[in-house]
**Q** 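I'd like to ask some things about the structure below.
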Amino acid sequence: MDFNFSEFEKKWQEHWLANKVFSSEADTSKPKFYCLDMFPYPSGAGLHVGHPEGYTATDIICRYKRAKGFNVLHPMGWDAFGLPAEQYAIQTGTHPAVTTQKNCDNFRRQIQSLGLSYDWDREINTTDPAYFKWTQWIFIRLYNTWFDKELQKGRPINELPIPENVSARGSQAVREYIESKRLAYYDNAQVWWCNTCKTVCANEEVLNDGSHEKCGTKEVERRFLKQWMLRIPHYAERLLNGLNQLDWPEGVKDMQRNWIGKSTGAEVDFNVEGIDEKLRVYTTRPDTLFGATYMVIAPEHALINSIVTADKKSEVDNYVRAAALKSDLDRTELSKEKTGVFTGRYAINPLNGQQIPIWIADYVLMGYGTGAIMAVPAHDTRDFEFAKTFDIPVVCILDPKDQADVELREKILKGEACWTDDGEYINSSNPELGLDINGKSKSEGIATVIKWLDERNLGQATVNYKIRDWLFSRQRYWGEPFPIIHWEDGEISVVEDENLPVELPKTDKYQPSESGESPLANATDWLQVTDKNGRKGRRETNTMPQWAGSCWYYLRYIDPKNDKEPFSKAKENYWMPVDLYIGGAEHAVLHLLYSRFWHKVLFDLGIVSTDEPYKKLYNQGMILAFAYETASGSKVPSDKVEEKDGKYFHIETGEELKQIVAKMSKSLKNVVNPDDVVDNYGADSLRLYEMFMGPLDATKPWTDTGVKGVFNFLKRVFYFFADKNNITDEAENTETLKALHQTIKKVGQDIEDMKFNTAISQMMIFTNHCYKVKKVSRETAETFAKVLAPYAPHLAEELWSIYGNDPAICQQPWPEVNESYLVENTFEYPVSFNGKMRFKLELPVDMPKEEVEKAATEHENAQKWLEGKQITKIIVVPKKIINVVVR
RNA sequence: GCCCGGAUGGUGGAAUUGGUAGACACGUUGGACUUAAAAUCCAAUGGCCAUUAUGGCUGUGCGGGUUCAAGUCCCGCUCCGGGUACCA
């Protein structure tokens, strides 16, 4: 009897696939469970061991939920648009669709070799015209929607009220007004352009060090280009509020909140001396207005020319020109050294009538708030740094009192240090104007000043968000074409629904043009269109970013073959929302935020039935690998390392190396290929090891010996339970029944809590128990196989059939826990003296407290600890501990 | 800088949320089987000290505190990981 895992794993995989064991249909008579994995980008490199981590976790949950009677939707597909296939096309001329198909086939083969219980009839591919037809369809819905601020709701564009002053200016004005309200719009945008990729990239793809995330080069610069943008900030408040109801990791919610970046404050108007313009600033701290000693406007501010005095003009011009040449990046990279220039003009502080100088500095950004600030160096660290650099007075108006130590407080009061926390106001009163916040706290102060400003029309409470319009176009070939036509008269129209999809043109030139137009501009036949009146038009040549397809794929899984609509309303109503969504934390912000945004628009339009798409979210941790480095910190590839007595040495130099944990990489030669693991140890071993390594959300290093450990466990299970000599028809003994039911309970509970590692350990404990008792009943063996099935489904099926049952164990119900086997009559109390455990004492659980005390203190082992001491107190916690306090 | 998360044996990690620290596994050591090795099975295994066994001390990044009792709670740090960064 051999543990021939390759043979039976293949056998059962074929059985599941051929019998469509895991296909599911909407069935309102059963409770549903929609369990989703973040679908992969099918890269040429194939599956990484990181992929099966989340997939195994969801698979275990799905198999468990099916056994618990749920109708489970568990699909898989491919996020297959993307740069690598296009780059490969540029180099080799192979059409990206060919490369993509090959990679998808390989991914599917690899995923199927792991025995994951996907419903393969629902497989989707974002590059399939039958799929992206509906991506385009949704884009058209976005284009034809405006956001009603009052109702906080997206509405069809034909319901947009046109203000009279707009309609009075004619049809062109009306058109512009409508364009300005659509959720999708086409406009000149200053965008990042990557000279290597020949494409624009989103802000978030440009890393802090100035390199492009996708290609790694630093060839990014600013350019103005006509681009598609989505007005995601209109949904900022909805996206923010929606988070509260979600069962997501707090960390992810925080990241989204930070990204949306809501701040409340006030806009305040300042009079400017000598000109008839007001300067409007945004501040979150209107309470510190008494401490404003200067103002700063961004170098791009519209009022610069009227504010700058003649004698300062050339100096200011130079500064503004220099700032324009700097990228945002340079402006932030030199963050510590603040630069700026005085405009020569003064504004008037509305609270005390004092003159305050207006400066221009690039630490103020035009894109946020009003592009102008009042600077309060005493209570804002950035303003403080600037004031110190340029010798501007610092006036403290908030006394930290005892929140700062004496020395620091002294400095703050003298304007030699900055204080941003709460305190008590000083120097903050103007009786003539009826404003006095002295002695108040920060929150009171803010409220009082806003009210005061509002009453005098000097300012009003305002909310600002960091989140910006979403740059939604790329100059690439391998993406969804926009269903858009630009007509020669300047009109933009969308392609009619019945003419979707707009497919990609055939071409053999994948190289983007220098001008920045995508390769689609080369496809002349495809490009030019004429309407029925002979008007000439040109198709949009940009394509959508990779985010597009992943924004709504979870909806298409519900009804993947529907060619009349993106999905049936009834099916959507049954399956949504996604009950559990597992994927990497790298998508914590963008994918999840974008996708929530689309979903909310679809919800507002009545296309989906839920406000949020993903009820519960969980991030699996990253799988790393051990790597080695020299004392100086240079990395050494794993094949150049040898181990001796737990220490590591360089094979060639003999130098002792330090073992570190790092990302798997080709250069470190520590990449683990799932195919190799499946070949050597089987799919069940791979699955089990990925789950046994540690908590699902932890970052953890891969070790080959660890795989051997779980492989060994599976072998022990097989050799014990497949051996008929160990299986009896006699009644089970109570100890085994107790161990078994503990295992059913623990494993079930741990799956619900997603604590897979401890569930496996419980199954190991049970197996060790079986080896000790030598024989178990057939019923015990079959029950254990059912418990094992979600984790090691192939082995469980094999055992199930060895016992003569018909397939399949994965369609058997989850065993019931019989609590009566678990009842404990006695408990082995740890007896402590002054908190230190000294001996153990088995006592009935229902023994009265007094008797327990007596039993403990009169026990012979206790005498040693009581000798010459006095008992002051005895703590008895039933079924926990006995603690005797002595003096 | 700010916001999260983390630190437990030689290693990966457990610990019912304040109640026996180190489950389970890897590794190591010893034993059984074998001509031998591998595989398998059994046993031991935090550190230190002691011993005739029973035993004692110590121990969850560091320093304080609360408590009968702290890996767990509170205060103050150190280091590591992730996110974000002149957002007024």
Side-chain angles (χ1 to χ4, degrees), chain A residues 208 249-255 257-259 261-263 265 281-285 288 296 298 328 331-336 338 361-365 367-376 380-383 385-386 464-468 585-586 588-589 619 621-622 624 626 645-647 659 661 689 692-695 697-710 712-713 715-716 719 746 749 755 757-765 767-768 771-772 828-840 861 864 872-877 879-886:
Chain A
N208 288 342
E250 279 307 314
V252 175
K253 291 198 208 179
D254 278 343
M255 277 157 77
R257 289 188 187 111
N258 289 341
W259 192 263
K262 179 179 183 173
S263 84
V281 303
Y282 172 70
T283 176
T284 54
R285 296 292 305 275
T288 59
V296 185
D328 265 14
R331 280 165 69 162
T332 55
E333 209 160 29
L334 309 162
S335 62
K336 290 303 148 206
K338 293 217 165 16
D362 61 10
Y363 81 91
V364 171
L365 307 175
Y368 185 80
T370 60
I373 62 159
M374 63 177 214
V376 186
D380 181 289
T381 46
R382 296 152 304 181
D383 297 345
E385 282 167 26
F386 189 85
N464 259 301
Y465 300 91
K466 276 198 269 187
I467 191 170
R468 305 294 158 80
E586 65 272 21
V589 178
N619 295 125
M622 227 188 310
L624 305 177
F626 285 115
D645 297 329
K647 290 182 177 172
Q659 190 183 52
V661 170
Y689 177 59
F692 189 61
M693 289 172 86
D697 59 355
T699 308
K700 49 220 168 231
W702 182 276
T703 61
D704 284 325
T705 52
V707 187
K708 282 185 194 137
V710 294
N712 192 38
F713 163 67
K715 273 196 294 193
R716 277 167 70 80
Y719 285 124
K746 173 85 176 148
Q749 189 58 50
K755 288 158 71 174
N757 53 334
T758 51
I760 294 168
S761 125
Q762 180 61 39
M763 291 189 278
M764 288 172 169
I765 291 169
T767 306
N768 292 344
Y771 269 79
K772 281 215 173 62
E828 192 179 37
Y829 280 96
V831 183
S832 312
F833 292 84
N834 288 348
K836 281 187 180 152
M837 208 280 287
R838 296 304 180 180
F839 64 92
K840 288 178 186 172
N861 288 350
K864 179 175 174 185
T872 50
K873 201 175 183 183
I874 305 178
I875 314 278
V876 177
V877 183
K879 285 165 86 178
K880 285 259 160 72
I881 200 169
I882 300 167
N883 188 19
V884 183
V885 187
V886 295

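Excluded from the calculations below are hydrogen atoms, water molecules and symmetry mates; all remaining heavy atoms, backbone and side chain alike, are included. Lettering follows sequence order; numbering is per chain, from 1.
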**Q** If you compare every side-chain N and O of A/Lys715 against the phosphate oxygens of B/U40 (OP1, OP2), does one of them come in below 4.0 Å?
**A**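 Yes, within the criterion.
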**Q** On the nucleotide B/C4, are OP1 or OP2 found under 4.0 Å from the side-chain N or O atoms that A/Lys253 carries?
**A** no
**Q** Of the nucleotides B/U11, B/C42, B/G19, which has the atom closest to the A/Tyr771 side chain?
**A** B/C42
**Q** Within the modelled atom types, does a donor on one side and an acceptor on the other bring the side chain of A/Lys338 and the base of B/C86 under 3.5 Å apart?
**A** yes
**Q** I want to check one thing: is the phosphate of B/U40, taken as OP1 and OP2, less than 4.0 Å away from some side-chain N or O of A/Asn712?
**A**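 For B/U40, OP1/OP2 do have a side-chain N/O of A/Asn712 under 4.0 Å.
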**Q** So do A/Asp383 and A/Ile373 actually touch side chain to side chain, heavy atoms under 4.5 Å?
**A**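 Of all side-chain heavy-atom pairs linking A/Asp383 with A/Ile373, at least one is under 4.5 Å.
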**Q** Using atom P in both nucleotides, what's the gap between B/C73 and B/U17 to the nearest angstrom?
**A** 13 Å
**Q** Suppose you measure atom C1' in B/G10 against the same atom in B/G27; what distance do you get, rounded to whole Å?
**A** 8 Å
**Q** Heavy atoms from C-beta onward define the side chain here; which of B/C68, B/U84, B/A88 lies closest to that of A/Thr283?
**A**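 Among the listed nucleotides, the one closest to the side chain of A/Thr283 is B/A88.
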**Q** With the side chain of A/Lys880 defined as its heavy atoms from C-beta on, choose the nearest nucleotide among B/U16, B/A88, B/C68.
**A** B/U16
**Q** Heavy atoms only: give me the nearest A/Phe713-A/Met763 pair and the separation to one decimal.
**A**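 Shortest heavy-atom contact: CE1-O, 3.7 Å.
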**Q** Heavy-atom nearest nucleotide on RNA chain B for A/Tyr689 versus A/Ile760: which residue maps closer to 5'?
**A**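 Between the two, 5'-proximity favours A/Tyr689.
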**Q** Drop me the distance from A/Tyr368's OH to A/Thr370's OG1, to the nearest 0.5 angstrom.
**A**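 Output value for this atom pair is 10.5 Å.
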**Q** With respect to the side chain of A/Phe692, which nucleotide from B/A88, B/G12, B/U40 is positioned closest?
**A**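 Given the options B/A88, B/G12, B/U40, the side chain of A/Phe692 is closest to B/G12.
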**Q** When syn is taken as a glycosidic angle within 90 degrees of 0, is B/U54 syn or anti?
**A** anti
**Q** Using the side-chain heavy atoms of A/Arg838, tell me which of these nucleotides is nearest: B/G83, B/C42, B/C57.
**A**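 Closest of the options to the side chain of A/Arg838: B/C57.
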**Q** For B/A88 and A/Ser263 - does any side-chain N or O of the residue sit under 4.0 Å from the phosphate oxygens OP1/OP2?
**A** yes
**Q** Please pick, from B/G19, B/A14, B/C4, the nucleotide with the shortest atom-to-atom distance to any side-chain atom of A/Asp254.
**A**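 Within the option list, the nearest is B/C4.
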**Q** Suppose you measure atom P in B/A85 against the same atom in B/A70; what distance do you get, rounded to whole Å?
**A**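 Taking atom P in both B/A85 and B/A70, they lie 44 Å apart.
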**Q** A/Phe626 has a side chain; which of B/C68, B/G19, B/U11 sits nearest to it?
**A**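 Nearest listed nucleotide: B/U11.
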**Q** So which one's nearest nucleotide on RNA chain B is more toward 5', A/Asp380 or A/Asn883?
**A**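 Result of the comparison: A/Asn883.
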**Q** Does a nitrogen or oxygen in the side chain of A/Arg257 sit under 4.0 Å from OP1 or OP2 of B/C4?
**A** no
**Q** Mind telling me whether B/G9 is syn or anti, cutoff 90° either side of 0?
**A** syn
**Q** With rounding to whole Å, what would you report as the distance between B/U72 and B/G6 at their C1' atoms?
**A**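 So the two C1' atoms sit 15 Å from each other.
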